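First the proteins, then the strands, lettered A, B, ... as listed; each starts at 1. Source: prediction; values computed, not measured.
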Amino acid sequence: MEELKLIRPGEIRVRMAPSPTGPMHLGFARTALFNYLFAEKYQGTLILRIDDTDIQRSQKKWEKDIIEGLNWLGLEFQEGPGVDGKFGPYRQSERKEIYQKYLQKLLDEKKIYYCFCSPEELEAHRNYLLSIGQPPRYSEKCAELSEREIEENLKNKKSYVLRFRMSSKKVRFKDLLRGEIEYDSQNFGDIVVAKNLAAPLYNLTSVIDDFEMKITHIIRGEEHIPNTPIQILLAEALGIKTPQYLHLPLIFGLDRAKLSKRDRVKSILEYKEEGYLSVALINFLALLGWNPGANKEIFSLLSLIQEFSVEKIQKSGAVFNPQKLDWLNGFYIRQKSLDKLTEDCIPYLIKTNLIKPCLERDKHSLFYEGKVITTKFETTETGEGVSFYELMKIIDLYQARLKKFSEISELIDFFFKKKLDYSSELLRWKEMSNEEIKEVLDKLSKTLNKLEETDWTKKEIGEVLLKLAGELGKEDRGYLLWPLRAALSGKTASAGPFEIAELLGKEKTLERIRMAKEKIKI
RNA sequence: GUCCCCAUCGACUAGCGGUUAGGUCACGGGCCUUUCACGCCCGUAGCAGGGGUUCGAAUCCCCUUGGGGACACCA
């Protein structure tokens, strides 16, 4: 990539150009990320341009989704009309006069022409060509209409489109990733560049804006490779320069189909709601199609900027693997400080109705001079209060077990319940008989009951129970500890019984053992 | 159908003419451990096929096959 070495800081201008016709999906997020990294790497400028020329399909809510997604990921752009000193996106829908100027010029120069063919007519012709194995392209029926015919049709208000007179030639361009790519423009036919003088279409607006915005490098998905020769021809007709191109490989779903083509496109914001960290998603996305060459998997946005290089971008498409995303997310969750993690989890506990929002809750007052104040959340089922500090201790037990925040509720719900719902079979360790289970539970309550409230710590609890386990004469501690853990949590998997018992408190621990005994029939 | 892009473990990838083909996720086993997870150790698994070029090809070239993308009055 010798041309990249010639780049001077500040020269680069790149853009993200989503069309707001659907939510911001992973594919666009990855393209945005690479544009961002490229711009940051070379101290260039990144622009957000909303390609909303299709007024039928474009929606404000999708634009909002895209901008929120970008914000969440921390991919900031450095230019654009905005308010309060903040940059906003350019919108093609707000730049109509610019396109009209160019369109008129093309029309005057007869480089585009009026086409009055009906959609039905075109459809039929396309199907015919397809059926005889020809590339489906326009018949050029209207290419040579006389001035009079055109005026006649326009006067009769016959609907029209504007077609570009495609020159017949070979178009070559250089892709920064793939090298020379050549197309024969004969395959294209005279494409439609505008629905009418006031409604230009993507290929035209894109070429004009990239020029007007002085874009130096277009970094976009591979699906745009076939558009590139058309855009080059268009630029030629307009007499404007073309930027350099870099086409990123596609991201596929597990079924190997292009992500944005799948039935239901998942918004990046849904990952946020599920409890993924943006740092994890960024890290994951970067690794999808890019690799620094070293045996390294963990990258912050900053380290990505430092290490990013175009040479290391993959050429082949990548399958999106949710398991690796989960692993990365779990990794980043384990790196979090406990108070931050707890803050992150609280909305999920509220959403699943385990606790109620704290009315006088003020995030900044939770910690006062390093001390935890006693802000209490009301637990929905028991009506008791649970402090931020207590929540922190619970979540501490699950930090290593959590892959995403949305999982927290079903992991720790038993702390907030009056009665646990589980089958008596859960209490059975290996081949234990019902009598044995009951006996073990009896011993547990007797032993724990003797423990003073002041000694009710996981350390003390562990000591007396381990001693008890030794007295039981069984090799296997599970004989004692499994029924306990099951009785306290009601789950097949959970944190350890000593920790749970400590946080539950003596009273609740004994109550749960008692309830477990009731389940056992002899 | 036509055009274009691509091709290393199941997935993401390292490799850029000479390697016991490396790493991560997932999977299997072990340690730790009452369970689950974390952590640590070990393991299974790959150069799509065929021709060249070369003393020597995962690596360079060609063909085949396979996968994908594009062929709109969408972007």
Side-chain angles (χ1 to χ4, degrees), chain A residues 17-22 51-54 56-58 92 115 117-119 122-123 126 129-137 159-163 175 177-178 181-184 186-189 191-196 199 201-203 205-206 221-229 247 249-250 252 254 256-258 260-261 284 287-298 311-312 314-328 330-331 334 397-403 411 429-430 469 476-486 489 491-497:
Chain A
S19 69
T21 54
D51 281 6
D52 56 353
T53 48
D54 187 343
Q56 304 291 335
R57 297 197 308 149
S58 292
Q92 294 197 319
C115 168
C117 296
S118 71
L122 295 169
E123 175 78 22
R126 190 161 40 237
L129 287 175
L130 238 24
S131 73
I132 60 165
Q134 295 273 315
R137 46 188 257 261
S159 76
Y160 70 91
V161 296
L162 265 3
R163 282 186 187 273
D175 183 285
L177 206 60
R178 296 157 209 276
I181 298 176
E182 189 184 88
Y183 273 89
D184 190 339
Q186 284 203 326
N187 292 320
F188 307 142
I191 62 149
V192 178
V193 292
K195 291 184 179 189
N196 58 59
L201 259 20
Y202 164 74
N203 270 312
T205 56
S206 183
E222 194 185 326
E223 72 270 27
H224 284 290
I225 291 180
N227 283 329
T228 307
H247 290 95
L250 265 14
F252 303 116
L254 271 350
R256 282 210 83 91
K258 195 178 137 195
S260 56
K261 239 189 178 180
F284 175 73
L287 257 18
L288 228 47
W290 177 84
N291 190 289
N295 289 336
K296 190 177 162 191
E297 303 287 328
I298 303 300
E311 292 87 351
K312 298 289 185 182
Q314 200 75 13
K315 283 202 272 284
S316 53
V319 173
F320 163 70
N321 178 196
Q323 281 176 322
K324 186 150 183 181
L325 208 211
D326 280 355
W327 172 78
L328 267 171
F331 174 84
R334 273 169 257 135
L397 300 182
Y398 285 87
Q399 184 160 20
R401 294 168 168 88
L402 204 54
K403 291 222 183 313
L411 248 25
W429 177 248
K430 289 180 180 170
D476 187 357
R477 287 166 173 177
Y479 201 78
L480 178 78
L481 299 180
W482 174 273
L484 205 219
R485 201 194 53 74
S489 70
K491 290 181 189 297
T492 51
S494 76

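- Not one side-chain nitrogen or oxygen of W482(A) sits closer than 4.0 Å to the OP1 or OP2 atom of U34(B).
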Can you list, pair by pair, the side-chain donor-acceptor contacts under 3.5 Å of residues 317-327 of chain A, counting residues two or more places apart and other chains?
residue	atom	partner	partner atom	Å
K324(A)	NZ	E297(A)	OE1	2.9
D326(A)	OD1	Y276(A)	OH	2.5

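- Residues meeting the side-chain hydrogen bond (donor to acceptor under 3.5 Å, both in side chains) test with N187(A), sequence neighbours left out: none.
- Residue K315(A) places its NZ atom among 12 or fewer non-hydrogen atoms of other residues, nucleotides or ligands, all under 6.0 Å distant.
- Taking atom CD of residue Q56(A) and atom C1' of nucleotide A72(B), one finds them 14 Å apart after rounding to whole Å.
- Formation of a donor-acceptor pair under 3.5 Å by the Y479(A) side chain with backbone atoms of A469(A) is not found in this model.
- The CD-P distance, from E297(A) to A11(B), rounds to 16 Å in whole Å.
- The backbone N or O of T492(A) sits less than 3.5 Å from a side-chain atom of R485(A), completing a donor-acceptor pair.
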What do the steps show when you test D54(A) against L201(A) for side chain to side chain contact (heavy atoms under 4.5 Å, CB included), and what is the final call?
-> CA-CA 8 Å; D54(A) 187 343; L201(A) 259 20; over 6 Å; no

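- Between D52(A) and R126(A), the residue anchored nearer the 5' end of RNA chain B, judged by the nucleotide with its closest heavy atom, is R126(A).
- Which of C36(B), A75(B), C12(B) sits closest to the side chain of A493(A) comes down to C36(B).
- In this structure a side-chain-to-backbone donor-acceptor pair under 3.5 Å is missing from D52(A) to P20(A).
- In a base pair of the Watson-Crick type (N1 to N3 plus N6-O4 or O6-N4) or a G-U wobble (N1-O2 and O6-N3), with each distance short of 3.5 Å, G66(B) is matched with C6(B).
- In this structure, K296(A) does not reach the U13(B) phosphate: none of its side-chain N or O atoms is under 4.0 Å from OP1 or OP2.
- Pair assignment for C47(B) gives none, since no Watson-Crick or G-U wobble pairing has each distance under 3.5 Å.
- Among the atoms of the strands shown, none is found under 4.0 Å from any heavy atom of D326(A).
- Judged by Watson-Crick or G-U wobble contacts below 3.5 Å, the nucleotide G18(B) has C55(B) as its partner.
- The listed nucleotides are C5(B), G67(B), C25(B); the one nearest the side chain of I181(A) is C5(B).
- Per the geometry, CZ belonging to F284(A) stands 12 Å off C1' belonging to U24(B), to the nearest Å.
- For K312(A), the side-chain atoms get nearest to G15(B) when compared with the rest of G15(B), U35(B), C12(B).
- With rounding to whole Å, L250(A) atom CG is found 16 Å from C12(B) atom C1'.
- Listed pair R334(A) / G39(B) meets the phosphate criterion, a side-chain N or O lying under 4.0 Å from OP1 or OP2.
- Closest approach to the K315(A) side chain among G68(B), C12(B), C6(B) is made by C6(B) (side chain taken as heavy atoms from C-beta onward).
- Annotation: of the two residues near RNA chain B, L201(A) and L481(A), the 5′-most nearest-nucleotide partner is L481(A).
- Base pairing of C71(B) is made with G1(B), judged by Watson-Crick or G-U wobble geometry with both donor-acceptor distances under 3.5 Å.
- Evaluation of atom-type donor-acceptor distances gives no pair under 3.5 Å for the side chain of N321(A) against the base of A26(B).
- The base-pairing partner of G39(B), taking Watson-Crick or G-U wobble contacts with both distances under 3.5 Å, is C31(B).
- When rounded to the nearest whole Å, the span between CG of L287(A) and P of U13(B) equals 8 Å.
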Mind running salt bridge (Lys or Arg N to Asp or Glu O under 4.0 Å) on E222(A) and R178(A) for me, showing each step along the way?
-> CA-CA 11 Å; E222(A) 194 185 326; R178(A) 296 157 209 276; 3.7 Å; yes

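- Under 4.0 angstrom from either OP1 or OP2 of A14(B) there lies at least one side-chain N or O belonging to Q314(A).
- Counting heavy atoms from C-beta outward, P229(A) and F188(A) have side chains that approach closer than 4.5 Å.
- Side-chain nitrogen and oxygen atoms of S316(A) include none within less than 4.0 Å of the OP1 or OP2 phosphate oxygen of C5(B).
- Residue K195(A) has a polar side-chain atom (N or O) positioned under 4.0 Å from OP1 or OP2 of C74(B).
- Between Q323(A) atom CD and C27(B) atom P there is a gap of 6 Å when expressed in whole angstrom units.
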N/O to N/O distances under 3.5 Å, protein versus nucleotides 1-3 of chain B:
residue	atom	partner	partner atom	Å
G1(B)	O2'	G133(A)	O	2.7

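- You'll find a donor-acceptor pair under 3.5 Å spanning the side chain of R57(A) and the base of C74(B), going by distance alone.
- Rounded to a whole angstrom, the distance from the C1' atom of C9(B) to that of G23(B) is 12 Å.
- Evaluation of atom-type donor-acceptor distances gives a pair under 3.5 Å for the side chain of R401(A) against the base of C36(B).
- Contact annotation: K403(A) side-chain N/O to C36(B) OP1/OP2 distance is not under 4.0 Å.
- Heavy atoms of V161(A) sit under 4.0 angstrom from at least one base atom.
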